[in-house]
Amino acid sequence: MPTYQYQCTECGEGLEAVQKFTDEALTECPSCQGRLKKVFSAVGIVFKGSGFYRNDSRGASSSSTPASTPKPAATAPAASSSSSSSTSAA
């Protein structure tokens, strides 16, 4: 369950409350019965490393393999065979 932070608009006292997502927000200060305001702050979690992105969990496929790697190998023999065939024809 998440922990929410509240601050009283009357006395300025802060408090934390562990609540369910479905629970109603607190509205009354337990000290002075003033109005409570929910405090929002930066998220305390950072995802680093592999496994957190969409492409990290996908398997390798032919579309993800760079197309430039197989093509030079395929065109190099074809170019040499065509030049050798033109040499033997001449």
Side-chain angles (χ1 to χ4, degrees):
M1 284 194 289
T3 302
Y4 294 100
Q5 294 180 333
Y6 293 92
Q7 186 170 11
C8 180
T9 57
E10 305 281 325
C11 66
E13 183 178 331
L15 68 113
E16 292 182 346
V18 178
Q19 297 175 300
K20 295 180 182 180
F21 288 112
T22 56
D23 289 347
E24 293 291 323
L26 300 178
T27 56
E28 189 175 296
C29 178
S31 301
C32 69
Q33 284 68 41
R35 199 177 116 220
L36 286 177
K37 179 180 174 184
K38 197 178 271 191
V39 177
F40 296 98
S41 58
V43 176
I45 184 168
V46 177
F47 295 106
K48 292 184 178 181
S50 63
F52 296 108
Y53 301 98
R54 181 186 298 180
N55 57 356
D56 288 342
S57 61
R58 293 184 180 175
S61 66
S62 60
S63 63
S64 65
T65 307
S68 60
T69 305
K71 286 186 178 181
T75 56
S80 63
S81 65
S82 63
S83 63
S84 63
S85 63
S86 64
T87 308
S88 56

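All values derive from a computational prediction rather than experimental measurement.
- If you chain together ILVMFWY residues whose side-chain heavy atoms come under 4.5 Å of each other, Val18 ends up grouped with Met1.
- Within the structure, side chain to side chain donor-acceptor pair (under 3.5 Å) pairs that include any residue of residues 20-43 comprise Glu13-Ser31 (at least two apart or interchain).
- No donor-acceptor distance shorter than 3.5 angstrom exists from the side chain of Gln7 to the backbone of Gly14, with no hydrogens or angles considered.
- In this structure Glu10 satisfies the side chain to side chain contact (heavy atoms under 4.5 Å, CB included) test together with Cys8, Cys32, sequence neighbours excluded.
- Summarising the geometry of Cys29 relative to Leu36, their closest heavy-atom pair is N-CG, 3.7 Å, with the distance given to 0.1 Å.
- Within the model, atoms CZ of Phe40 and OH of Tyr4 stand 9.0 Å from one another, a figure rounded to the nearest 0.5 Å.
- When all heavy atoms are compared, the tightest approach of Leu26 to Tyr6 is N-OH, 3.2 Å.
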